[in-house]
Asker: 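After the structure tokens below, expect a handful of questions from me.
Here the structure is a predicted model, which means the values were calculated and not measured.
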Amino acid sequence: MDNSEKKPDKSSWAIGGGLLLGLGVGFFFLDRSALYFVGSLIAGLGVGLITAAVISRSD
């Protein structure tokens with residue numbers, strides 16, 4: 001397979017999207033506790049990593 005025939009890798013987009021999702025959700029919990037904010041960031045990163053694994057598996 002040539003480089004021109006390769007599909008673009010979308011795993012970094014999935015990881016970044018999950019992290020941004022966790023950031024957005026975390027802003028709602030920021031007034032309660034900073035640990036909820038950090039926890040939502042970590043959860044968003046985990047969702048992004050799982051999504052990236054599913055995307056790369058289907059290719």
Asker: The test is side-chain contact (heavy atoms from CB on, under 4.5 Å); show your working for Thr51 and Val47 and say whether it passes.
Answerer: CA-CA 6 Å; Thr51 307; Val47 168; 4.1 Å; yes
Asker: If you look only at pairs with a residue in residues 26-46, which of them pass as a ring-ring contact (aromatic ring centres under 6.0 Å, His included), with sequence neighbours excluded?
Answerer: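 Counting only pairs at least two positions apart or across chains, the ring-ring contact (aromatic ring centres under 6.0 Å, His included) contacts touching residues 26-46 are Phe27-Phe37.
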Asker: What pair of heavy atoms forms the shortest contact from Ala14 to Ala52, and how long is it?
Answerer: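 Result for this residue pair: CB-N, 4.0 Å.
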Asker: Which heavy-atom pair separates Ile15 from Leu45 by the least distance, and what is that distance?
Answerer: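 That would be CG2-CD1, 3.8 Å.
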Asker: Do Ile50 and Leu20 share a hydrophobic cluster (ILVMFWY, side-chain heavy atoms under 4.5 Å, transitive)?
Answerer: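 Not linked; separate clusters.
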Asker: Applying the side chain to side chain contact (heavy atoms under 4.5 Å, CB included) test to Ser33, which of Leu35, Asp31, Leu30 qualifies?
Answerer: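 Result for side chain to side chain contact (heavy atoms under 4.5 Å, CB included) with Ser33: Leu35.
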